[in-house]
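Keep in mind it's a predicted model, so treat the numbers as computed, not measured. In what follows, every chain begins at residue 1, and chains take the letters A, B, ... in the order their sequences are listed.
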Amino acid sequence: MMDKHYDAKAAEAKWYPFWENSGFFHQEPGKGEPYSVVIPPPNVTGILHMGHALNQTIQDILVRWRRMQGKNTLWLPGTDHAGIATQNVVEKALRKEGKRRQDLGREAFVERVWDWKKQYGGTIVHQQRMLGNSTDWQRERFTLDEGCSKAVAKVFTQLYNEGLIYKGNYIVNWCPRCGTALANDEVEHEANHGHLWYVRYPVAGSALGVKGELNKDYICVATTRPETLPGDTAVAVNPTDERFAAIVGKNVVLPLTGREIPVLADDYVEKAFGTGIVKITPAHDPNDFLVGKRHGLEEVNIMTDDGHMNELAGEKYCGMDRFECRKALLADLEEGGYLDHVEDYDNQVGHCYRCHDVVESRLSKQWFVKMKPLAVPAIAAVRSGEVKFVPDRWSKIYFNWMENIQDWCISRQLWWGHRIPAYSLRESAGISEELKVKSDELVFVAETAEEALEKAKAKTGNAALTLADLEQDPDVLDTWFSSWLWPFSTLGWPENTADLEKFYPTSDLVTAQDIIFFWVARMMMAGIHFMGKPPFKNIVIHGIVRAADGSKMSKSKGNSLDPLELIDAYSADALRFSIALITSLECDTKVNKEKFEIGRNFCTKIWNAARFIEMQEANIPEKKTIADISDLTADEKHILWATDLACRKIGEILENYRIQDGALAVYDFFWTQICDWYVEYAKDAPDKARAFAILRDVFYKALRLLHPYMPFITEEVSHALGYLKEDESVMLAKFPEGYSQEEKSAWGLSAEIYEFVNAKREAITALRALRAEYKVSPAAFVKVTLATDDAAASGEVESLKKAMRAETIDFVASGADLPMPSKITKFATVYLSLDGLVDKAAESKRITAELAKLAGFIKASEAKLSNESFVANAPEAIVAEARRKLADNKEKAAQLEKLLRLFA
RNA sequence: GGGCUAUUAGCUCAGUUGGUUAGAGCGCUUCCUUGACAUGGAAGAGGUCAGUGGUUCGAAUCCACUAUAGCCCACCA
């Protein structure tokens with residue numbers, strides 16, 4: 001016996017270990033058409049959030065569906081080492097002990113991070129199991145594990161040898177708090193309400209007086225970042241700007257420093273902005289850097305790694321924080337009369353995507369990947385249709401980015417990550433001065449230190465060199481430098497494995513729009529470059545989960561939902577189904593807790609329907625099976641036809657990645673077709689054994705259609721109703737494809753009969769509406785007359801009597817003049833005889849009151865309307881007034897006449 | 001500055017290549033505690049599909065413009 005209430009927690013605790021321990025998630029690269037997906041690896045520091053819930057629900061639906069189709073299905077899980085994020089977490093923990101990572105030293109620190117990973121890194125992996133993910137845990141990978149690291153070293157070396165990796169002195173985005181360079185897309189631009197300061201630079205040789213007594217001999221520049229002033233090495237004007245033509249080539253004096261700097265002409269300067277004069281700070285602004293390169297300017301770096309001013313900023317400012325320095329310097333400029341005026345100014349300021357500190361532009365030596373040569377074939381693969389975006393519009397965004405791609409800064413000044421496989425020679429190696437001059441060539445890139453040593457020996461001609469003479473580059477690689485290899489590094493590359501052979505390229509990649517550039521585009525490039533084939537066939541892009549008001553979910557705002565709490569409150573199936581039902585691939589998903597009640601309620605419905613089957617079957621003495629049914633009623637044919645339709649439709653919907661439509665279709669099929677109509681029919685079916693044989697078959701098809709969305713309850717119910725043996729699972733059952741042509745013709749199914757029953761239901765609905773309209777109890781037996789010419793209708797007398805709760809059903813010709821009340825449907829004109837069913841006096845009073853409202857007597861106030869004597873004494877006037885008012889409203893006028901006829 | 005998208009019921013959204021009466025969930029109104037289910041059932045109210053113009057026998061759907069909102073990219077100090 002099934003319990004009265006579904007115990008989701010018990011089912012989840014029971015079936016997940018059953019699936020995992022039975023090896024149902026695991027797949028060997030044997031026979032069968034492959035279907036493979038690699039999970040977007042969550043950060044190892046991560047905890048499961050709604051974004052994961054959405055992303056992984058979609059994947060699991062696709063994966064479970066393909067597995068049920070009989071494909072050789074692999075969903076490969078893993079986590080990302082998440083360089084900055086993880087290092088930050090451990091450094092934070094260290095800080096509580098009053099230590100910095102430098103106190104431990106590199107080796108001990110990295111050891112410490114590994115310890116952290118061993119202890120806490122499994123959190124998200126366990127949480128993913130709560131969702132019901134059917135990932136092959138036997139293949140779980142980590143971007144910093146041995147295999148992935150090997151792949152990274154090989155890729156770096158190969159790209160270096162191909163000339164696609166280089167080291168350069170460039171201006172990079174620098175996070176002072178994290179102490180590392182950031183790639184362009186790791187910088188988030190946020191609106192900033194700031195100021196534009198106008199600063200006077202005296203022309204050389206002139207003297208700038210104290211405030212209020214200035215001579216005219218100065219030029220004025222506008223800046224948003226006055227603290228970089230000590231790093232200025234020029235000011236610039238547009239070459240076509242006649243206002244300043246005379247001053248170009250002269251020098252001006254840098255305020256507060258006394259240093260003279262030149263005035264240049266450069267196209268970069270916009271005449272219309274600010275004063276038309278720009279201060280040039282090559283070491284602290286990317287544009288200025290380029291201007292500096294063009295004009296051979298000195299690059300004066302005035303800041304330290306952690307965002308403080310250094311000695312080049314001047315004695316007074318040295319050691320100050322950059323923002324503190326801004327204040328101090330502005331005060332000094334004002335004091336000295338250099339500050340002309342200030343304007344409010346809104347601009348965009350870059351912030352670190354990890355710690356949200358304001359990013360600095362900073363000059364440093366970094367490693368870069370040349371992206372253009374890699375982008376070209378990756379663009380072509382999407383253009384040719386070899387790889388498809390779903391929905392397609394994302395391809396436009398992909399092209400736009402790929403066609404304007406910038407080189408990728410891949411070095412990070414961190415300790416946690418893949419250390420760059422580049423080696424230089426220590427002092428101990430005793431390098432000759434001659435070689436030192438060409439120091440760039442004394443970097444040896446190789447997959448291992450030993451190979452680098454061989455290269456060093458060959459280069460220097462010194463066979464006595466040992467590993468101790470080599471020093472590995474201290475930087476590590478950007479986290480994405482391992483994740484861009486994920487689709488093949490996880491399958492064993494660079495070894496030539498059977499897994500790679502079978503499962504590469506993967507089938508679908510499912511991810512959110514926010515990492516198309518970070519991750520998807522780069523995987524495309526790496527896949528094509530190293531494997532010769534794009535890493536996946538379809539890129540399924542879904543939106544971001546947002547709070548109910550459309551804002552981003554964040555812990556600090558307190559508007560985030562925790563999927564684990566939702567699972568606890570409503571069950572994993574409820575979470576999965578609800579999110580699938582409310583998520584369109586086309587746009588972001590707004591959620592609040594209440595939306596997950598849909599799934600919870602659906603679980604309840606499924607459970608109760610199953611209980612109904614179990615209870616009813618117990619009362620059927622001689623059970624039948626679907627194999628031995630014959631002479632079906634129209635309603636029975638209808639549900640079989642509807643089931644066949646649902647099976648085919650849902651398969652087709654999933655082929656097109658329409659997860660939401662699939663959820664909607666299966667929900668409607670189960671709730672409306674099975675529960676609302678067929679189950680009600682089955683209660684009073686002429687042959688209960690046959691009706692339940694059909695229900696049993698239809699119900700298991702429904703459970704299998706539902707399984708990808710709701711794995712736990714479908715497994716539980718499939719076992720409870722005896723569809724499966726103890727050691728079997730619905731997750732390995734065949735996904736239903738509908739009934740065969742033979743079955744359909746043997747049972748006499750047809751679209752005509754399906755439509756006929758739909759029409760019949762309209763008639764039943766119409767009768768219910770008439771009951772509601774005339775306040776006839778749903779329980780009361782009534783006399784019904786149906787005006788129809790459909791000969792088949794008379795065959796439905798018995799089922800109509802039951803469904804309509806009719807004492808008698810009479811048929812008349814469709815043209816017959818029926819008294820009111822009646823409703824016209826496709827099936828028939830339905831007439832309900834009210835004799836003896838309605839308290840005419842009470843009903844008359846009610847209708848009179850309504851007419852009074854219609855006629856405008858409503859103004860007589862609610863109190864008067866409820867006054868019986870008023871209504872009773874005024875019907876003539878009310879009717880006359882109602883007739884007059886409703887003269888233009890045909891529908892309501894007809895209703896009025898109908899009522900008058902009825903209650904005259 | 002460049003690119004992308006959206007605007008349909010009170011709210012959140014569906015509406016596949018243009019084709020009967022534009023749908024769902026929630027909310028709302030009325031009724032029903034009939035033995036699968038009140039986390040339920042029945043009935044109902046509510047939409048000039050942002051606006052204007054065009055293409056078409058026919059437009060929520062295609063095109064143009066307008067308005068509004070949002071997202072992404074980008075080096076305007």
Side-chain angles (χ1 to χ4, degrees), chain A residues 2 4-6 171 184-185 187-189 196-198 221-226 228 235-236 268-270 272-281 285-291 345 347-348 350 361 391 393-401 403-404 406 513-514 516-517 543-544 546 548 550 570 574 578 581-584 586-592 594-595 597-616 652-653 656 658 660-661 663-665 667-668 671-672 675-676 679-680 682-683 764-773 775-779 805:
Chain A
M2 294 172 71
K4 182 153 192 201
H5 297 287
Y6 170 54
I171 196 131
N184 279 338
D185 42 20
V187 178
E188 292 177 353
H189 294 273
L196 199 53
W197 286 276
Y198 288 81
V221 306
T223 179
T224 54
R225 305 208 42 210
T228 63
V235 298
Y268 151 68
V269 183
E270 293 282 336
F273 190 90
T275 58
I277 308 176
V278 190
K279 67 193 219 34
I280 301 296
T281 324
D285 182 278
N287 286 309
D288 295 5
F289 175 76
L290 295 175
V291 174
Y345 183 66
N347 63 346
Q348 300 273 315
S361 292
R393 64 190 170 87
W394 293 108
S395 58
K396 291 184 202 166
I397 289 165
Y398 171 86
F399 292 139
N400 191 257
W401 189 73
E403 279 156 8
N404 297 293
Q406 307 281 315
Q513 65 210 31
D514 54 350
I516 293 179
F517 308 139
I544 293 165
R546 294 175 175 275
Y570 298 135
S578 302
L581 190 69
I582 63 180
T583 296
S584 161
E586 297 295 332
C587 58
D588 290 350
T589 302
K590 292 179 199 164
V591 298
N592 55 37
E594 288 68 40
K595 288 197 172 171
E597 290 177 5
I598 302 171
R600 190 265 318 258
N601 295 353
F602 193 31
C603 285
T604 307
K605 191 73 182 176
I606 294 166
W607 186 253
N608 281 307
R611 276 180 69 224
F612 172 79
I613 293 176
E614 189 191 44
M615 289 159 116
Q616 294 284 312
E652 189 191 317
I653 285 170
N656 291 304
R658 306 179 69 89
Q660 183 185 35
D661 288 355
L664 205 63
Y667 181 84
D668 180 67
W671 205 303
T672 309
C675 295
D676 289 347
V679 161
E680 290 306 317
K683 286 176 180 173
I764 294 167
T765 301
L767 196 263
R768 286 175 185 158
L770 287 173
R771 280 178 186 267
E773 194 177 338
K775 308 275 179 211
V776 176
S777 157
R805 209 170 169 80

Could you check how far [atom1] of [X] sits from [atom2] of [N], rounded to whole Å?
X: A:L770; N: B:C31; atom1: CG; atom2: C1'; value: 15 Å
X: A:H5; N: B:G40; atom1: NE2; atom2: C1'; value: 13 Å
X: A:R771; N: B:G41; atom1: CZ; atom2: P; value: 19 Å
X: A:K590; N: B:C13; atom1: NZ; atom2: C1'; value: 9 Å
X: A:E594; N: B:G27; atom1: CD; atom2: C1'; value: 11 Å
X: A:I397; N: B:A74; atom1: CD1; atom2: P; value: 13 Å
X: A:N656; N: B:A14; atom1: CG; atom2: C1'; value: 16 Å
X: A:Q660; N: B:U12; atom1: CD; atom2: C1'; value: 11 Å

Among [options], the one nearest [X] by side-chain distance:
X: A:Q616; options: B:C4, B:A42, B:A36; value: B:A36
X: A:L664; options: B:A24, B:A36, B:A77; value: B:A24
X: A:I598; options: B:U12, B:A43, B:G25; value: B:G25
X: A:V278; options: B:G25, B:C75, B:A77; value: B:A77
X: A:A222; options: B:A43, B:A36, B:A77; value: B:A77
X: A:R768; options: B:A42, B:C13, B:A36; value: B:A42
X: A:C675; options: B:C73, B:A36, B:A77; value: B:A36
X: A:W671; options: B:C75, B:G40, B:A43; value: B:G40
X: A:D676; options: B:G41, B:A77, B:A36; value: B:G41
X: A:T604; options: B:C13, B:A77, B:U39; value: B:U39

Legend entry - Side-chain donor or acceptor of A:N592 paired with backbone N/O of A:K595 under 3.5 Å: yes
Inset, instruction - Could you tell me whether the side chain of A:R805 and the main chain of A:A779 form a donor-acceptor pair under 3.5 Å? - result: yes
With a 3.5 angstrom cut-off on both distances, give the Watson-Crick or G-U wobble partner of [N], or none if there isn't one.
N: B:G27; answer: none
N: B:A69; answer: B:U5
N: B:C62; answer: B:G54
N: B:U20; answer: none
N: B:U48; answer: none

Taking atom [atom1] in both [N] and [M], what distance in whole Å separates the two?
N: B:U52; M: B:A67; atom1: C1'; result: 11 Å
N: B:A60; M: B:U48; atom1: P; result: 13 Å
N: B:C4; M: B:C63; atom1: P; result: 13 Å
N: B:C76; M: B:A64; atom1: P; result: 30 Å
N: B:G25; M: B:G40; atom1: C1'; result: 16 Å
N: B:A14; M: B:U8; atom1: P; result: 10 Å
N: B:C26; M: B:A38; atom1: P; result: 16 Å
N: B:U61; M: B:G15; atom1: P; result: 14 Å

Legend entry - Whichever of A:I582 and A:T275 has its nearest RNA chain B nucleotide further upstream toward 5': A:I582
Legend entry - Nearest-nucleotide comparison on RNA chain B, the residue closer to the 5′ end among A:D588 and A:A609: A:D588
Under 4.0 Å, counting only non-hydrogen atoms across every strand here, what does [X] touch: a base, just sugar-phosphate, or nothing?
X: A:V269; result: base
X: A:S777; result: nothing
X: A:D661; result: sugar-phosphate
X: A:V679; result: base
X: A:K595; result: sugar-phosphate
X: A:E680; result: base

Legend entry - Parallel, tilted or perpendicular, as decided by the 30° and 60° cut-offs, for the rings of A:F602 and A:W671: parallel
Measuring to OP1 and OP2 of [N], would you say a side-chain N or O of [X] lies under 4.0 angstrom away?
X: A:K605; N: B:G41; value: yes
X: A:R611; N: B:G35; value: no
X: A:N601; N: B:G40; value: yes
X: A:K396; N: B:C72; value: no

Inset, instruction - Check the side chains of A:D285 and A:T281 for a donor-acceptor pair under 3.5 angstrom, ignoring hydrogens and angles. - result: no
Legend entry - Check: B:U39 base within 3.5 Å donor-acceptor of A:R600 side chain: yes
Legend entry - A:Y6 vs A:I606, side chain to side chain contact (heavy atoms under 4.5 Å, CB included): CA-CA, chis, key distance, verdict: CA-CA 9 Å; A:Y6 170 54; A:I606 294 166; over 6 Å; no
Inset, instruction - Please say whether more than 12 non-hydrogen atoms of neighbouring residues, nucleotides or ligands are located less than 6.0 Å from CD in A:E680. - result: yes
Between [X] and [Y], what is the shortest heavy-atom contact and its length?
X: A:Q660; Y: A:L581; result: NE2-O, 3.0 Å
X: A:C675; Y: A:A609; result: SG-CB, 4.0 Å
X: A:D588; Y: A:Q513; result: OD1-NE2, 3.4 Å

